[in-house]
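Only one structure is covered here, and it is reproduced in the block below.
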Number of protein chains: 2
Amino acid sequence: MSQNSASHNSAPLPDCGVARFLLLLDGPWATLIVRELLHGPHRFTELMDALPGISAHTLTNRLRKFVRHGLVTRTAYPEIPPRVVYELTPLGHQLRAVLTAMDDWALTVPTSAFTPTGG
Amino acid sequence: MSQNSASHNSAPLPDCGVARFLLLLDGPWATLIVRELLHGPHRFTELMDALPGISAHTLTNRLRKFVRHGLVTRTAYPEIPPRVVYELTPLGHQLRAVLTAMDDWALTVPTSAFTPTGG
DNA sequence: TGCATCAGTTACGTCAACTGCACCAATGGC
DNA sequence: GCCATTGGTGCAGTTGACGTAACTGATGCA
């Protein structure tokens with residue numbers, strides 16, 4: 001796990017696109033956040049509401065990572081109370097194809113595939 | 001994280017296909033194993049060799065989960081030394097579309113997107 | 001007898017992601 | 001003054017994915 005799918009601290013970059021994808025969309029929440037953002041720009045609390053169970057801490061971290069890597073833009077309005085809007089960049093929007101593929105797979109697959117016994 | 005992308009112990013099944021997908025392809029290695037299996041049937045050690053860094057422990061666990069959920073078949077030949085072949089089921093092969101989408105995204109995207117500073 | 005192979009299993013430990021709770025700043029309403 | 005709101009931050013603690021090392025069983029080889 002030092003050159004396949006871990007963080008980008010020492011590894012230059014895996015050749016494989018799948019591995020690269022996993023570099024950015026790694027945790028369980030990451031992909032779900034992108035899914036929400038695909039519906040349009042969201043404020044912080046809107047994302048919190050849309051993702052029941054996520055903590056502010058986790059959401060902040062994922063969002064920061066996305067911003068750092070150019071998947072998402074963060075726009076802060078100097079109002080009171082503050083308003084911050086997160087929006088996918090064109091790069092982030094290109095992830096729609098991936099999410100759609102995941103969706104198609106999971107939805108065409110029999111429900112039994114998700115049960116531990118397999119049927 | 002009790003009904004979005006966690007295990008299938010109590011949650012019936014998320015409505016969202018993306019969340020369902022994440023139920024099965026969760027860890028960093030899971031997707032990479034599927035990627036290798038997409039190239040054809042593999043023996044245990046072949047998978048070990050193809051995935052530098054993975055431990056037998058992790059590989060066993062991921063493979064078991066896939067078998068349990070019907071993504072992969074496990075064929076053990078009663079030879080000495082033993083030979084076990086893992087192969088994707090049609091269900092598993094349908095994941096090719098998802099992996100291809102990941103690959104396309106990562107490869108059309110500028111390399112700078114993977115650097116922490118965002119380019 | 002002892003070492004090597006394959007495909008694991010088991011015990012034990014690490015490490016990062018994630019969680020919950022409290023707290024902050026600045027302002028509006030009561 | 002006190003509470004609510006928004007968008008977080010810090011600390012402590014949990015979870016579980018993952019890693020290392022040792023071991024198994026049956027056989028071939030020296």
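As the structure is a prediction and not an experimental result, all values here were calculated from the model. Side chains included, hydrogens not; waters and symmetry mates left out as well; all remaining heavy atoms used. Residue numbers start from 1 in every chain, and the chains themselves are labelled A, B, ... in the order their sequence lines are given, proteins ahead of strands.
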For [X], what residues pass the side chain to side chain contact (heavy atoms under 4.5 Å, CB included) criterion, not counting sequence neighbours?
{"X": "B/Ala97", "result": "none"}
{"X": "A/Thr75", "result": "A/Tyr77"}
{"X": "A/Pro90", "result": "none"}
{"X": "B/Pro81", "result": "none"}

Could you pull out the protein-nucleic contacts involving nucleotides 11-13 of chain D (nitrogen or oxygen on both sides, under 3.5 Å)?
{"unit_1": "D/dC11", "atom_1": "N4", "unit_2": "A/His57", "atom_2": "NE2", "d": "3.4"}

Between the protein and nucleotides 5-8 of chain C, which nitrogen or oxygen pairs are less than 3.5 angstrom apart?
{"unit_1": "C/dC6", "atom_1": "O3'", "unit_2": "B/Arg43", "atom_2": "NH2", "d": "3.0"}
{"unit_1": "C/dC6", "atom_1": "O3'", "unit_2": "B/Pro82", "atom_2": "O", "d": "2.9"}
{"unit_1": "C/dA7", "atom_1": "OP1", "unit_2": "B/Arg43", "atom_2": "NE", "d": "2.9"}
{"unit_1": "C/dA7", "atom_1": "OP1", "unit_2": "B/Arg43", "atom_2": "NH2", "d": "2.9"}
{"unit_1": "C/dA7", "atom_1": "OP1", "unit_2": "B/Val84", "atom_2": "N", "d": "3.2"}
{"unit_1": "C/dA7", "atom_1": "OP2", "unit_2": "B/Thr45", "atom_2": "N", "d": "3.3"}
{"unit_1": "C/dA7", "atom_1": "OP2", "unit_2": "B/Thr45", "atom_2": "OG1", "d": "2.8"}
{"unit_1": "C/dG8", "atom_1": "OP1", "unit_2": "B/Arg74", "atom_2": "NE", "d": "3.3"}
{"unit_1": "C/dG8", "atom_1": "OP1", "unit_2": "B/Arg74", "atom_2": "NH2", "d": "2.3"}
{"unit_1": "C/dG8", "atom_1": "OP1", "unit_2": "B/Tyr86", "atom_2": "OH", "d": "3.4"}
{"unit_1": "C/dG8", "atom_1": "OP2", "unit_2": "B/Tyr86", "atom_2": "OH", "d": "2.6"}
{"unit_1": "C/dG8", "atom_1": "O3'", "unit_2": "B/Arg64", "atom_2": "NH2", "d": "2.9"}

**Study point:** Whether B/Thr73 side chain and B/Thr89 backbone form a donor-acceptor pair below 3.5 Å
**Key:**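 Flag not set: sc B/Thr73 to bb B/Thr89 has no pair under 3.5 Å.
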Test item: A/Arg96 side-chain N/O and A/Leu38 main-chain N/O as donor-acceptor pair under 3.5 Å: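 Between the backbone of A/Leu38 and the side chain of A/Arg96 there is a qualifying donor-acceptor contact (under 3.5 Å).
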Is [X] close enough to [N] that one of its side-chain N or O atoms is under 4.0 Å from OP1 or OP2 there?
{"X": "B/Ser55", "N": "D/dG19", "answer": "yes"}
{"X": "A/Trp29", "N": "C/dA16", "answer": "no"}
{"X": "B/Thr58", "N": "D/dG19", "answer": "yes"}

Inspect the contact between A/Asp103 and A/Arg35 and indicate whether a charged nitrogen and a carboxylate oxygen are less than 4.0 angstrom apart.
->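 A salt bridge is absent here (no side-chain N lies under 4.0 Å from a carboxylate O).
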Is any side-chain N of the basic residue among A/Arg20 and A/Asp15 closer than 4.0 Å to the acidic one's carboxylate O?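 No, no charged N to carboxylate O under 4.0 Å.
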Could you tell me the separation between the [atom1] atom of [X] and the [atom2] atom of [N], rounded to a whole number of Å?
{"X": "A/Leu59", "N": "D/dG8", "atom1": "CG", "atom2": "C1'", "value": "10 Å"}
{"X": "A/Asp26", "N": "C/dC15", "atom1": "CG", "atom2": "P", "value": "18 Å"}
{"X": "A/Glu79", "N": "C/dG28", "atom1": "CD", "atom2": "P", "value": "12 Å"}
{"X": "A/Leu51", "N": "C/dA17", "atom1": "CG", "atom2": "P", "value": "18 Å"}
{"X": "A/Arg62", "N": "D/dG8", "atom1": "CZ", "atom2": "C1'", "value": "16 Å"}

Geometric class of the A/Trp105/A/Phe114 ring pair [parallel <30°, tilted 30-60°, perpendicular >60°]:
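A/Phe114 and A/Trp105: perpendicular rings.
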